[in-house]
Structures are given as C-alpha cells and as structure tokens.
Amino acid sequence: MCSSDLMNTIKKIKLAAAITAGMTLIGCGSSSDDDSCFDESTCSASGYTFPAGAVFVSADAADGTDITEAFVTAVTDVAEDAVVVLPKGNFKVSATVNIVAANGITVTGHGIEATKLDFSTSAGNDGIFFDGGNNLTIRDLGVYEVPKNGIKADAVNGIHFAYTAAVWETPLDAGGEDNGAYGLYPVSSENVLMEYNYSKGSADAGIYVGQSNNIVVRHNVAEHNIAGIEIENSTMADVYNNEAFDNSAGILSFDLPGLPQGKGDNVRIFNNTTYENNTANVGSGVVGAVPGGTGILILATSNVEIYNNNIRDNKSNGVTITSYFLMDAELDDEDYSATILNGWTPTVKNISIHDNTFENNSSEPLTGTLFDEVFGGYAAYYQSVPAIIYDGAGELLANAEQLLTIGINPYTDAEKSCVTNNANNNDSELAFTIGSIYDVDANDAANFNEEGPVETLQFSAMGDDSTILNCATAPTRLTAATVTFKGETYGCLGDDSELAACAL
C-alpha cells in the first residue's frame, strides 16, 4: 500500500517546488528518476532502477529480521560503483554500519517508507556512517531510533542523500531530549547534495551540513527537531524549496568556534517555507540557547542572503540575527585566540534579508532561553516583539574599536546587514516591526556605562526607511552554489537552471 503521511508530505513538497521537466509522479506517489519504471521489484518507490549486477541484501528477509551481518558484509571492501539494495520491509540493525573509503557506490532501499531500519537496540552511536570516499549515494530508506546520528558522512568528496529519512518518534517535550543528535549529517565534506529527505525528532539538527563546501540542500522536510535545517561553518551553500515546521527553530546558519573549518561564507536561504516552529527547546549546548518559536536564525557568520521565503506563525520571531556575544557574554579573546586565528569571529556581517513574506510571527514568544529578557523587554516597552531581531552587540563593540585586538575593525557599509522589501501578511492587530537589542552608534554615550554596552532595545516599523538595518545600497546578491557529482552539475547553475526560484 502506497499511502502514508510521510510520502504525502514528500509528495506535497515536490508539487509545491514545481520540479522541472522529466519528473512525473508515479508508483507510490513520488517523482521518478526513470519514468519507465513501474515494477517495485526492479525499482524503488522514487523510480530509481536497480541495475543489473546490483547486490541484494537479505532480499527475502521477513519483517523484524536483524540484517546487520548481511548489511555489513555487503558494504565491506565494496567494489567501485557497486549498488547495494536493502530489502523491502522493517528490519533491525544492531550496530553501526561503517562504509570506509568507498568509491562511487549507491546504498538504496525500496523507498523512504518501504525500507525501514530500526537501530533502537544498536550498540553503535551512528546508524550508517560513510567514512571517507568519493561520489557516494544513499537513498530510498529510513533509519529510526539511532542512538546518536542517523546517517553520517565524514570527509567525503561527493555525497548524495535522496529520499532518506531519519526519525525519532518520542516527542521532544515528552522525553525526546534523549533522542539522537543529528538526523542526516554530512560533515567535513565537499560537493554535498541533499534532496527529498525527511527528518523528525532529533535533539539537535534534523538536516545538517557542517564544515563543508559546495552544498545544495533542496526539497527536504524537517519536522519536530530542535533545529530543522542547519548550515554550520560551511561555504557556498544554497538552501531552497525546503519545508521546516514544528521545530524549535526552522532554518539556521551558524559559525561556531573551535572547529577545524573556522568560518562559513556565501550561504543563500531562499524560497523555503518555515512555519509554526514552536516546539520548546530542550536541546543542549549552543543549539539549546536558540529561542524556541524562531523561523530563521543567523549566528556569528557573514555573507548570508535570505530571500523569497514564507516565514509565518513562529511565535517568538521570524528572523534572529545575532553575534556570539549573546551566547557567551564573557567572551575572552585569549580563550578564543586559536579559533580566531583560524578565521572565526564572534560578529555577524552582511546579512541581507529581502523580498520575504512575513505572517503572524512574534505573537507569543516562548520562554526558557537566553532571549527571555529581550522578549519581555520588548513586550513591556513596546507591547510587541519584532518580527526581525538584530542583536547589534558585535557591531557596537566593533564600532567602538573594542575588538581591534582580535582583528575586527569598525563596520564598513559593505559589512552592515540589510533588510528591505519584505511583505507584511500579518493580521491587522499584529505589528510588523524590526528591532535591535543594542544600538550600534559607538558615539552615543547612552549606549555604554561603566560595565560596558547597554541594552537599549531599538524598535521601529518595518520598511525601507527604517532606522534599523536600513539599506544604504541595494541588497547584496551572493553567488549560486553548485555541486559536482559524478560528472554532473547540480543547483541553480546546473540541473535547476530553469527553476523559477533560481531566477529570483
């Protein structure tokens, strides 16, 4: 039987994304890679055809069978360009499946719901782990209840996640803080393509790319995670045509200190829908400080373009832009000297937010994070919480020349963040506003006291003439990211070149 909530969700996002020519709905309700494939014994639910010579793992295994040994055997010293086909049904996997230094292989099931792998009794941290290798594909399967990370890829050049799911069923606010951390998790990799995937219930990030370069994340669904979709310390990333809902925060772009790849750059977040991300944040570490109820959050990174997104019904705020100073108010440049030398900075620069639609955000901010006082202050003084909040702390300190010892000069016009031309779809009683926690004018004595910068909670109506994040010039347009995988180019300058979203 092909009907299911998950496949209907994936189908919905496919239709909404208006996939280009050659992708027709067939089989169990998903688009086909090969629309001539109708026999489920020879192709997956998404239409991927199993080639001659494919290795079939436990093809006749009954539901509930533990297929660990057969799976591990199939991917150990696997031949170049091999296709490994997992069986149709629900199966136990009792250890991490490590795939080491493989080249060109594909691991596939029969569909994102047709092949379900239960790791609830696994002795390993990760579900499936690609350790090095080139041009690897994982598709058409789901991993469930993995102790730590669902599907991880580390130090891979060319990794394609398609029609995969990572799921934890326990609700985050009812014991789910003990769920696994990351759902779909490529890290320290090049040429990362993630499409038509689903993640639910992760206690950190559902769909995550970290310390990687040349990234396309498109047509995915992230539901009920702490962070829905996250790009961390990564460069040249396009995140588009995704859906994030019921997370604590929908879509995030971070630079964190202490990582081998010090900084991220050139991240575009566009044509996504991020809505009703109102799950209480029960996470830990930096992600645990993110305000629940947030549509998009940008932290301590530079050169991010956010446009043509639908941002709605996020109770705390639509977009937050913050330096690292709000995460670590006692930031000591000596403690961070090594990571600063590696390119990381605590500031946030050149964030362009334009041509988005905002609807009914900031209506009832959630409590339990370091932003509680900020939300409370805005509500008390202005009877409204801004749809976009900028911390301003890093810019104020830089403009006061207090960050010169870590190599940060006063902001130039090109480094300032910019908000312009966003649409207001709020109900009439909800104000459409923008706020800055700190005023960035270092020459105003009211912005400092003997203890340092003073929170002034700047507030104004949204608009091109706003005094907060006003654009002195036209919004910065960043370069499209591309992924090169098995000789093909993916993204807005490749297979999606005719996609309407790519022309925006």
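Remember, it's a predicted structure, so these values are computed and weren't measured experimentally. Note that these values count all heavy atoms, side chains included, but never hydrogens, waters or copies made by symmetry.
Side-chain atoms of Ser248 and Asn281 form no donor-acceptor pair, as typed in the model, at a separation below 3.5 Å. In summary, the side chains of Asn213 and Glu190 do present a donor paired with an acceptor at a separation below 3.5 Å, with no hydrogens or angles considered. A donor-acceptor contact under 3.5 angstrom links the side chains of Asn157 and Asn191, judged on distance only. Between Asn277 and Thr274, the side chains place a donor N or O and an acceptor N or O closer than 3.5 Å (distance only, hydrogens not considered). A donor and an acceptor atom, one from each side chain of Thr320 and Thr322, are nowhere located under 3.5 Å apart. Between the side chains of Asn303 and Asn266, no donor N or O sits under 3.5 Å from an acceptor N or O. In summary, the side chains of Ser46 and Asp140 do present a donor paired with an acceptor at a separation below 3.5 Å, with no hydrogens or angles considered. Defined by atom type and a distance below 3.5 Å, a donor-acceptor pair is present between the side-chain atoms of Asn350 and Thr476. Asn317 and Thr294 share a donor-acceptor pair across their side chains, judged by distance under 3.5 Å alone.
The residue from Asn310, Asn272, Asn309 that alone fulfils the side-chain hydrogen bond (donor to acceptor under 3.5 Å, both in side chains) condition with Asn356 is Asn309. None of Val93, Thr96, Ile138, Val75 except one satisfies the side-chain contact (heavy atoms from CB on, under 4.5 Å) rule with Ile128; the exception is Ile138.
The aromatic rings of Tyr196 and Tyr163 lie parallel to each other, with less than 30° between the two planes, well short of the 60° mark. Ring geometry, Tyr182 versus Tyr185: the interplanar angle falls under 30°, so the pair is classed parallel (tilted spans 30 to 60°). The aromatic rings of Phe485 and His160 stand perpendicular to each other, their planes meeting at an angle above 60°, with 30° marking the opposite boundary.
A salt bridge links Arg218 with Asp496: at least one charged nitrogen is closer than 4.0 Å to a carboxylate oxygen. Salt-bridge formation is not detected for the pair Asp255/Lys263: no Lys NZ or Arg NE/NH1/NH2 atom is positioned less than 4.0 Å from an Asp or Glu carboxylate oxygen. Between Lys92 and Asp118, at least one side-chain N (NZ, or NE/NH1/NH2) sits under 4.0 Å from a carboxylate O, which counts as a salt bridge.
Remark: the backbone N or O of Pro87 is paired with a side-chain donor or acceptor of Thr115 at under 3.5 angstrom. Asn242 places a side-chain N or O within donor-acceptor distance of the main-chain N or O of Tyr240, the cut-off being under 3.5 Å. No donor-acceptor pair closer than 3.5 Å links the side chain of Asn220 to the backbone N or O of Tyr198.
Atom-to-atom distance recorded for Asn90:CG and Leu117:CG is 9.0 Å, nearest 0.5 angstrom. To the nearest 0.5 Å, the span separating CD1 on Ile207 from CD1 on Ile229 amounts to 5.0 Å. In this structure, CG on Leu297 lies 11.5 Å from CD1 on Ile251, to the nearest 0.5 angstrom. Note: Arg312 CZ to Glu359 CD = 6.5 Å, rounded to the nearest 0.5 Å.
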Check: Should Asn247 and Glu276 be marked as a side chain to side chain contact (heavy atoms under 4.5 Å, CB included) after you check the CA-CA gap, both sets of side-chain angles, and the distance that decides it?
Finding: CA-CA 8 Å; Asn247 307 286; Glu276 296 178 7; over 6 Å; no
Note to self: side chain to side chain contact (heavy atoms under 4.5 Å, CB included), that's the test. Do Val319 and Ile389 meet it? Break it down for me.
What the structure shows: CA-CA 6 Å; Val319 179; Ile389 295 178; over 6 Å; no
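Within the 4.5 Å cutoff, the side chain of Ser384 has no heavy atoms near those of the Tyr378 side chain.
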